[in-house]
Chemist: 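Have a look at the structure that comes next, please.
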Amino acid sequence: MRGAVAAAWARAVTAGALPPLPEGTPTPGVEVERPADPAHGDFASNLALRLARPCRRPPLEIARALADALADGAPDASGRRLLGAAEAAAPGFLNLRLDDALIARQVDAILAAGPAYGRVASDEAEWFNVEFVSANPTGPLHIGNARGAFVGDSLSRLLEAAGHRVTREYYFNDFGSQIRELGESVRVARAGGPMDEAPYRGDYVLELAADAPDEVVREAEAPGGDAAWAYGAWASEWIRAGIEATMGRLGCHFDVWRSEGTLHRDGWIARGVERLRSSGDLYESEGALWFRSTAYGDDKDRVVRRSNGEYTYFAADIGYLVDKFSRGFDHLVYVWGEDHHGTVARVRNAAQALGYRPESVEMLLYSWVRFLRDGAPVGMSKRGGTFITLDELLDEVGVDAARWFFASRGHTSPLDFDIELAKRQAPENPVYYVQYAHARISSILRVAREKGLSAEGGDTTLLRDPIELGLARALLRLPEVVEDGAAAHEYHELTAYAQELAAVFHAFYRDRRVVDAAAPDVSRARLALVDAARQTIACALGLLGISAPESM
RNA sequence: GUCCCCGUAGCUCAGUGGACAGAGCAGCGGUCUUCUAAACCGCCGGCCGCAGGUUCGAAUCCUGCCGGGGACGCCA
């Protein structure tokens with residue numbers, strides 16, 4: 001569509017209907033958007049408004065010239081009509097309407113695409129590494145981890161739909177003192193000691209203590225054995241497996257579980273540091289090794305190796321960068337809580353110093369969610385054990401409702417999530433509104449089958465009235481929602497679209513009867529239409545990891 | 001102190017340069033003998049935090065201020 005407008009502009013200039021741009025004027029980009037008001041057509045361009053000043057002509061006059069030029073060249077290369085109408089509107093918008101027959105024909109294309117409808121083939125397919133959650137395995141996932149989990153998985157699904165390849169990755173620390181503290185907590189629990197002396201005090205520590213297998217206990221309690229380490233190593237793996245199970249419940253499966261320990265053992269950290277040293281980005285001072293982050297715009301240099309010889313977390317970040325890029329990714333996405341804001345600059349700087357394109361490293365920071373119960377904030381402390389687990393949240397409000405809640409908000413918005421309110425409003429939640437549309441259509445299809453009617457052989461050229469075409473138009477927007485969302489790394493437009501699509505369907509349902517034994521041809525055409533609608537809703541929900549029930 | 005995010009309807013949030021600022025929930029009033037009423041229709045509800053500026057046009061961009069959250073240590 002953008003190309004059609006640009007071509008029309010060129011034709012208008014050649015034909016002398018519009019003056020050429022004066023020398024030295026930057027060419028305005030041709031912008032085409034979906035107007036908010038359907039009366040303004042399927043697409044609209046502000047090109048005339050942008051050309052008014054350089055061309056020294058009234059915008060409306062320019063818009064008229066563009067509309068005329070578009071009408072001249074309406075049939076595309078294959079001779080089909082794309083445009084139904086092109087008209088100028090005050091103050092200078094160019095409103096475009098697709099040809100109705102073309103819209104109706106697309107219903108067949110949607111049905112032919114099947115569940116793959118909405119998936120876009122990208123000209124510039126890239127391989128993304130999306131790293132998210134990455135909570136240390138010192139306790140079960142809690143509601144504080146929820147947003148990162150949903151954000152990361154929803155984004156991954158969207159990128160895949162847009163034709164990219166995605167590796168979902170979870171990074172965890174099985175190396176540092178936190179694991180030792182976890183093990184110590186298990187030891188204290190087994191010894192029946194007072195838990196308020198243990199570093200971690202949640203109920204799950206008691207469960208771990210009770211479930212520790214004999215061989216772990218033998219190793220831990222052996223004379224001269226390192227009890228904290230032995231318990232910690234076992235417990236952290238046990239917890240990690242639990243995290244994997246919780247994520248599986250959300251429909252999220254990580255491709256790679258990367259541990260900081262293996263990063264050290266496999267030499268990635270030393271390798272990364274060495275590369276920075278040879279590129280001259282490191283220096284020693286006060287016995288510590290520093291990265292010259294200020295050379296890349298940071299406000300201070302950053303320590304890589306402490307004076308006691310230990311690598312910092314930042315050093316692990318450096319090694320991890322080298323590790324990730326060595327695996328062939330084009331693009332790294334880090335989904336982090338906003339508390340990581342301070343580490344963004346140094347990691348990107350390190351990537352640049354290592355010779356990677358800075359644009360290929362993206363940090364997606366999400367804002368905190370304030371969890372409430374009947375208006376009162378829910379406290380959260382992993383060490384103190386006073387937290388609500390993600391599993392408990394899912395038990396209470398359900399996977400579909402939770403996924404919708406997080407997917408329908410931009411990740412930079414601070415959110416309030418009232419658990420009691422979410423449960424109480426569950427039936428009114430927009431996610432059920434969308435699912436209901438899917439169930440309703442499924443029901444129509446069932447009824448049709450009982451009456452011997454199906455979409456099979458439906459002639460979509462019979463779809464001509466505005467109600468039918470309005471629904472068909474709504475269906476056609478899915479691919480561009482996917483494309484735009486993936487390009488912007490924003491998925492919440494999908495929820496808005498799904499809701500709107502459901503609303504259009506519900507209105508259609510009110511106004512047009514689908515199954516009518518007296519009019520089998522119309523019935524079959526409309527069955528094709530609603531089946532395409534069902535499929536489109538299922539695709540949109542699928543991209544959000546939400547189920548599409550056949551009945552409710 | 002420096003930096004980042006946010007401030008839009010009673011509540012939770014979309015909209016981030018275009019055509020009258022939207023949705024859901026909550027509230028009020030209507031609609032089921034007919035493919036699922038978890039639906040539909042109508043009403044109520046906004047100095048888009050405040051003040052300047054840029055623009056043909058600003059909720060959107062710039063500056064300052066106010067309010068909320070967060071980050072800044074050779075910490076992990």
Side-chain angles (χ1 to χ4, degrees), chain A residues 31 33 35-37 39-40 44-46 49-50 52-53 58-59 89-93 95 136 138 173 175-178 181 285-290 299-308 310-316 337-345 365-368 370 372 375 404-405 408-418 421-422 424-437 439-448 450-451 453 492-493 495-496 499-500 502-503 505-517 523 526-527 530 549-552:
Chain A
E31 294 173 13
E33 59 171 19
D37 185 344
H40 296 141
S45 178
N46 61 0
L49 288 160
R50 299 173 69 99
R53 174 170 290 239
F93 287 100
N95 292 335
N136 282 339
T138 53
N173 180 356
F175 188 77
S177 58
Q178 291 181 54
E181 290 181 2
S285 173
E286 301 167 53
L289 191 60
W290 298 70
D299 53 359
K300 61 183 77 164
D301 290 338
R302 306 291 174 174
V303 172
V304 170
R305 200 182 56 215
R306 286 191 276 275
S307 50
N308 66 6
E310 280 179 27
Y311 285 118
T312 59
Y313 257 47
F314 178 46
E338 64 175 341
D339 57 329
H340 279 67
H341 153 67
T343 62
V344 169
L365 303 183
Y366 59 86
S367 298
W368 295 138
R370 205 162 57 117
L372 310 168
W404 181 277
F405 180 88
S408 58
R409 274 86 172 167
H411 57 82
T412 56
S413 294
L415 297 180
D416 280 353
F417 189 113
D418 192 311
L421 205 61
R424 223 176 298 140
Q425 290 180 352
E428 276 76 49
N429 190 305
V431 71
Y432 299 108
Y433 176 84
V434 177
Q435 290 181 317
Y436 181 62
R440 227 178 188 184
I441 298 172
S442 301
S443 174
I444 293 174
L445 296 173
R446 273 194 301 272
V447 169
E450 285 162 16
K451 298 189 175 175
L453 285 167
H492 73 255
E493 173 108 357
T495 58
Q499 205 170 337
E500 198 182 303
F505 167 73
H506 285 309
F508 170 88
Y509 179 88
R510 176 198 62 213
D511 294 331
R512 292 290 179 271
R513 195 176 167 82
V514 176
V515 181
D516 181 358
S523 290
R526 288 184 180 163
L527 280 167
V530 298
E550 307 238 316
S551 66
M552 288 174 74

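Residue numbering restarts at 1 for every chain, and letters A, B, ... go by the order of the sequence lines.
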Chemist: Listed by chain and number, what are the salt bridge (charged side-chain N to carboxylate O under 4.0 Å, His left out) partners of A/Glu310, not counting sequence neighbours?
Modeler: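 With neighbours one apart ignored, the set is A/Arg306.
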Chemist: Please list, for nucleotides 25-28 of chain B, all pairs of protein and nucleotide N/O atoms separated by less than 3.5 Å.
Modeler:
from   : atom 1 : to       : atom 2 : distance (Å)
B/rC25 : O2'    : A/Gln425 : NE2    : 2.6

Chemist: Sequence neighbours left out, what passes side-chain hydrogen bond (donor to acceptor under 3.5 Å, both in side chains) with A/His341? Give chain and number order.
Modeler: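 A/His341: no side-chain hydrogen bond (donor to acceptor under 3.5 Å, both in side chains) contacts found.
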Chemist: State whether the aromatic ring of A/Trp368 stacks on the base of B/rG70, taking stacking to mean ring centres under 5.5 Å apart and ring planes under 30° to each other.
Modeler: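 According to the criterion (under 5.5 Å, under 30°), no, A/Trp368 does not stack.
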Chemist: Under 5.5 Å between ring centres and under 30° between planes: true for A/His340 and the base of B/rA71?
Modeler: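 Per 5.5 Å and 30° rule: no stacking.
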Chemist: Who pairs with A/Phe508 by ring pair (Phe, Tyr, Trp, His ring centres under 6.0 Å), at least two apart in sequence or on another chain?
Modeler: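 Once residues adjacent in sequence are excluded, A/Phe508 has no partner under the ring pair (Phe, Tyr, Trp, His ring centres under 6.0 Å) criterion.
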Chemist: Who are the ring pair (Phe, Tyr, Trp, His ring centres under 6.0 Å) partners of A/Phe314, not counting sequence neighbours?
Modeler: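 Ring pair (Phe, Tyr, Trp, His ring centres under 6.0 Å) list for A/Phe314, sorted by chain: A/Phe291.
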Chemist: Tell me, please, which residues at least two apart from A/Arg526 pass side-chain hydrogen bond (donor to acceptor under 3.5 Å, both in side chains).
Modeler: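 Only A/Glu468 meet the side-chain hydrogen bond (donor to acceptor under 3.5 Å, both in side chains) criterion with A/Arg526.
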Chemist: If you take atom types as modelled and just measure distance, does the side chain of A/Glu286 reach the base of B/rC74 with a donor-acceptor pair under 3.5 Å?
Modeler: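 Looking at the base of B/rC74, it does pair with a donor or acceptor on the side chain of A/Glu286 (distance under 3.5 Å).
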Chemist: A/Arg513 has an atom CZ; how far is it from atom P of B/rC32, in whole Å?
Modeler: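 Those two atoms, CZ and P, are 17 Å apart.
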Chemist: What stems show up for RNA chain B when you take Watson-Crick pairs (N1-N3 plus N6-O4 or O6-N4) and G-U wobbles (N1-O2, O6-N3), both under 3.5 Å, and require three or more consecutive pairs?
Modeler: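 The stems are B:1-7 with B:66-72, B:10-13 with B:22-25, B:27-31 with B:39-43, B:49-53 with B:61-65.
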Chemist: Can you sort out the partners of A/Arg370 under side-chain hydrogen bond (donor to acceptor under 3.5 Å, both in side chains), two or more places apart, ordered by chain and number?
Modeler: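 Partners of A/Arg370 under the side-chain hydrogen bond (donor to acceptor under 3.5 Å, both in side chains) test: A/Asp416.
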Chemist: Which residues pass the salt bridge (charged side-chain N to carboxylate O under 4.0 Å, His left out) test with A/Arg512, sequence neighbours left out?
Modeler: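 Here the qualifying residues are A/Asp465.
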Chemist: Going 5' to 3' along nucleotides 11-18 of chain B, which nucleotides have protein heavy atoms under 4.0 Å from the base (write B), which only from the sugar-phosphate (write S), and which from neither (write -)?
Modeler: -SSSS--B
Chemist: Does A/Arg302 have any side-chain hydrogen bond (donor to acceptor under 3.5 Å, both in side chains) partners at least two apart in sequence or in another chain, and if so, which?
Modeler: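 Result, side-chain hydrogen bond (donor to acceptor under 3.5 Å, both in side chains) vs A/Arg302: A/Asp298, A/Asp299.
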Chemist: Would you tell me if any nitrogen or oxygen in the side chain of A/Arg510 comes within less than 4.0 Å of OP1 or OP2 on B/rC32?
Modeler: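 For B/rC32, neither OP1 nor OP2 has a side-chain N or O of A/Arg510 closer than 4.0 Å.
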Chemist: Kindly write out the residues that satisfy salt bridge (charged side-chain N to carboxylate O under 4.0 Å, His left out) with A/Glu550, not counting sequence neighbours, or none if the list is empty.
Modeler: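 Residues passing salt bridge (charged side-chain N to carboxylate O under 4.0 Å, His left out) with A/Glu550: none at all.
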Chemist: Between atom CG in A/Asp299 and atom C1' in B/rC72, what is the gap in whole Å?
Modeler: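 Roughly 8 Å, once rounded to whole Å.
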Chemist: Output the rounded distance in Å from CG (A/Asp418) to C1' (B/rG24).
Modeler: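 In whole Å, B/rG24 C1' lies 16 Å from A/Asp418 CG.
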